[in-house]
Peer 1: 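Before I ask anything, here is the structure I am working with.
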Amino acid sequence: MGTVKKTVTITGWLMSRPALTGLLVFLVLLILIGLITNQRYHFLKETEHHEIEHVLDAVKQNVEQRLRDSYTTALTLALTIRDNGEPENFEAVAAKLIDSNSSFLAVQLVPNGIIKYIYPLKGNEGALNANIFTITDEHSMRARQSIRSGKMYFTGPNQLKQGGIGIVGRLPVYNKDKFWGFSAVVIRLDTFLKETGIAGKKNEKFYFQFSRYNISSKKEEFFLPGDTSFSDHIYGSVAISDGNWKIYLVSKNRYDIFIQLIYSLLFGLSLAILNSLLITKLLKKHLELQNVVDNQASKLIETEMKFKTIFEEAPIGIALISAADGRFLQVNKELCKILGYTELELFKLSLKDISYSDRKKTGNLQGQADLSADSQNRRQYIHKNGSVKWANLIETPLLDETDGSESNIMILEDVTDRNNSINMITEQNKRLLNFSYIVSHNLRSHTSNIQAIAGLIEQSSSEQEKKELVALLKTVSASLDETMVNLNNVVNIQTSIDVITVPLNLSDYIGRTLNVLRDQINVKSVDIRNDVPADTMVNYNPAYLESVLLNFIFNAIRYSHPDRRPLIRLNSYRENDQVVLEVSDNGIGIDLDKFGDQLFGMYKTFTENPDSKGLGLFISKNQIDAMSGMVTVQSVLDEGTTFKIYFK
């Protein structure tokens, strides 16, 4: 109880200081926005890293595939060397290898480190008789390491003897367990970069950088255009040890993530400001209203004469009730009018007797829990005729000379009509929102089709084809017209506020509907069992009732089961002061688990019946809602369906 009192005290203190409360709300929201923004920043950064890693993995696989191809080619070329140390059919084998892999610029055999055999020779003469051990210290070092390890190595990118920049892969060859020389492949750098996906494709978000670690200079050398200092960018890298290479994928815009965050941050900041201003304004309004109530209450108890005058003539319900048991001690005319009781009848009752919540459960009397200070809330009360009334309640204690609470003033304002209006407006807004979605969805599909056909007509050069397209355009426009008619019908239903209702005999209208559907009933030999009593009356719009009955009975006929004689039962009864009409059939049924939430949607069909358009149930549901009614459905697939229509 102490915690509750502290909470109430703190809440009251904050509500009495709108500016401070608004500032606190702003700060809390600001902290929350900062945490969310920070989390989103890390998420975006991690996502970009994952994207970079994915691309680099693909490029690495491409590079490794090219290196494997080079190894296979070099190994195949090495197999041409005979025991005497001379290659056999070098040019024929080399030609086939070059033809099978267009990425190779040339292939070579390098006995004792001197390039003696080149294919094709034309254009590569400059490399002939070159000694790879004397080209550079790095070449010499890598070649000797390869001889010792027996593994293929790659050098470059380097300036080639025959011109251009390329990569050279050399496989050490051994003849009779002695080093013979190298089998080599030469790959042009630009071809290598394109085939591995490093170059060639433009990317607005990232750029590649390709580097080699120079063993001699102990420095990293870059070979692609673009910034080579990207420590302040988001980037990833992958190393290719066979060539001492490193491939980088770098984000072009270092501020890209911050640009993405700035909009959400500004939105959140604006939202925090608006919320704090709104709360400040609402609390100020609350204080103003509370001050008005307090001032009015103090004026009511200034003098007994003023109290009696206001008490009797006030346009709102006022009562004096016992603080001990909630019994009515004095009531005014307006309270009697609101609750429907006479003054003498109310004197025999207590506040608990007319409280809606206390009728449903046992417990303390409503309004007696804490009357040490003025309180105001909205409650439900039961009218003498059984209807439920909504009311704003203000209870003010009257203290005696010893400060003991003996009685309370209850001021009760009937807001039932206001509540009903709010509920009606809320429901209408929901319908309008749903209708706007339907309009945008259906009209967009038609207009897209018309635009597409019009474009085809403009491009067509054949008169016959144009005629066919014009015919198709007429079909689409006719479908659009039908959609507009359907939407207009929905608008007429959903915007009708004052629908005329009259007492109607339900059994008579069912009979009229069956006469209208007589041909369909006879064609399918439908067994109709109308158990609706002849004296059943409902207050309804005649056109709506005809439409509802026609749609539900016609659907029961249309979706009858093909393997049994159709049976339709019609029955009515009263439930909670409402007339309920049951329409049951033994048709194909509906899979409610799959289609239940779409059953009353516009253009929603659940069978392959070509006559189904998905309008009947949608229109009937809107008509029933417009008449403040309700419709429910029970169905078992392949057994039948029962609709219950509730008439208010």
Side-chain angles (χ1 to χ4, degrees), residues 3-4 6-62 197-198 201-211 220 222 224 226-239 246-286 426 429-430 433-434 436-437 440-441 597:
T3 303
V4 174
K6 286 182 179 179
T7 303
V8 172
T9 302
I10 293 172
T11 302
W13 186 82
L14 289 173
M15 292 183 70
S16 64
R17 292 162 176 81
L20 178 60
T21 303
L23 179 61
L24 291 175
V25 169
F26 173 75
L27 293 175
V28 170
L29 290 176
L30 196 61
I31 293 172
L32 183 61
I33 290 166
L35 293 173
I36 294 173
T37 302
N38 182 62
Q39 188 176 18
R40 178 166 171 76
Y41 166 75
H42 287 291
F43 172 77
L44 291 174
K45 192 173 181 180
E46 185 177 351
T47 301
E48 194 156 319
H49 275 298
H50 283 317
E51 186 177 354
I52 289 173
E53 289 173 4
H54 176 74
V55 174
L56 286 175
D57 285 343
V59 171
K60 183 178 181 182
Q61 291 177 13
N62 292 338
I198 299 174
K201 294 182 180 179
K202 290 186 177 180
N203 191 308
E204 299 295 333
K205 195 172 182 181
F206 303 106
Y207 71 90
F208 280 98
Q209 189 55 266
F210 183 76
S211 71
E220 188 176 16
F222 293 90
L224 290 179
D227 193 2
T228 59
S229 176
F230 32 77
S231 58
D232 54 347
H233 291 254
I234 294 177
Y235 72 95
S237 64
V238 61
K246 206 167 188 181
I247 302 170
Y248 295 88
L249 186 61
V250 188
S251 174
K252 287 185 178 180
N253 189 351
R254 72 184 72 179
Y255 304 111
D256 187 51
I257 292 179
F258 297 102
I259 291 173
Q260 294 183 55
L261 291 175
I262 193 67
Y263 293 110
S264 57
L265 187 62
L266 290 175
F267 174 76
L269 186 61
S270 302
L271 194 63
I273 294 172
L274 288 174
N275 272 283
S276 62
L277 292 175
L278 180 61
I279 288 174
T280 302
K281 187 174 181 179
L282 288 175
L283 290 180
K284 285 182 178 180
K285 190 66 177 178
H286 172 77
T426 302
N429 285 340
K430 289 180 181 177
L433 188 61
N434 183 50
S436 68
Y437 168 75
S440 64
H441 177 272
D597 58 341

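These values consider heavy atoms only, across backbone and side chains, with no hydrogens, waters or symmetry-generated copies.
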Peer 1: Kindly give the heavy-atom pair with the smallest separation between Ala239 and Lys60, and that separation in Å.
Peer 2: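 Closest approach of Ala239 to Lys60, heavy atoms only: O-CE, 4.2 Å.
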
Peer 1: Could you give the distance from CG (Leu32) to CG (Leu271), rounded to the nearest 0.5 Å?
Peer 2: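 Nearest 0.5 Å value for the CG-CG distance: 10.0 Å.
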
Peer 1: Hey, what do you get for CD1 (Ile52) to NE2 (His49), rounding to the nearest 0.5 Å?
Peer 2: 6.5 Å

Peer 1: Does Val55 form a side chain to side chain contact (heavy atoms under 4.5 Å, CB included) with Phe206? I'd like the steps, not just the answer.
Peer 2: CA-CA 10 Å; Val55 174; Phe206 303 106; 5.7 Å; no

Peer 1: For a side chain to side chain contact (heavy atoms under 4.5 Å, CB included) check, start with the C-alpha distance between Phe222 and Tyr248, then their side-chain angles and the critical distance, and finish with the verdict.
Peer 2: CA-CA 10 Å; Phe222 293 90; Tyr248 295 88; 3.8 Å; yes

Peer 1: Measuring from atom CG of Leu282 to atom OG1 of Thr21, what distance do you get when rounded to the nearest 0.5 angstrom?
Peer 2: 11.5 Å

Peer 1: Just do the side chain to side chain contact (heavy atoms under 4.5 Å, CB included) check on Val59 and Val238 with the steps written out, would you?
Peer 2: CA-CA 9 Å; Val59 171; Val238 61; 5.8 Å; no

Peer 1: If every non-hydrogen atom of Ser276 is compared with every non-hydrogen atom of Thr280, which pair is closest and at what distance?
Peer 2: O-OG1, 2.7 Å

Peer 1: Surrounding NE2 of His54 (heavy atoms of other residues, nucleotides or ligands, distance under 6.0 Å), is the total greater than 12?
Peer 2: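 Atom NE2 in His54 is not packed in, count stays at 12 or less.
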
Peer 1: What's the shortest heavy-atom distance between Leu283 and Pro18, and which atoms?
Peer 2: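 For Leu283 and Pro18, the tightest heavy-atom pair comes out as CB-CB, 3.7 Å.
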
Peer 1: Can you tell me which residue among Leu35, Ile33, Leu29 is in a side chain to side chain contact (heavy atoms under 4.5 Å, CB included) with Ile31?
Peer 2: Leu35

Peer 1: Give, for atom CG of Leu24 and atom CD1 of Ile279, the distance between the pair rounded to the nearest 0.5 Å.
Peer 2: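 Between atom CG of Leu24 and atom CD1 of Ile279 there are 10.0 Å.
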
Peer 1: Hey, does the side chain of Asn38 reach the backbone of Gly34 with a donor-acceptor pair shorter than 3.5 angstrom?
Peer 2: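 Not a single qualifying donor-acceptor pair exists.
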
Peer 1: Could you measure the distance from the CZ atom of Phe43 to the OG1 atom of Thr37? Nearest 0.5 Å is fine.
Peer 2: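 Answer for the CZ-OG1 pair, Phe43 versus Thr37, is 14.5 Å.
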
Peer 1: Using the side chain to side chain contact (heavy atoms under 4.5 Å, CB included) rule, take Gln209 and Tyr235 through it: C-alpha gap first, then chi angles, then the decisive distance, then the call.
Peer 2: CA-CA 10 Å; Gln209 189 55 266; Tyr235 72 95; over 6 Å; no

Peer 1: How far does CG of Leu224 sit from OH of Tyr207, to the nearest 0.5 angstrom?
Peer 2: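 So the gap between those two atoms works out to 10.5 Å.
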
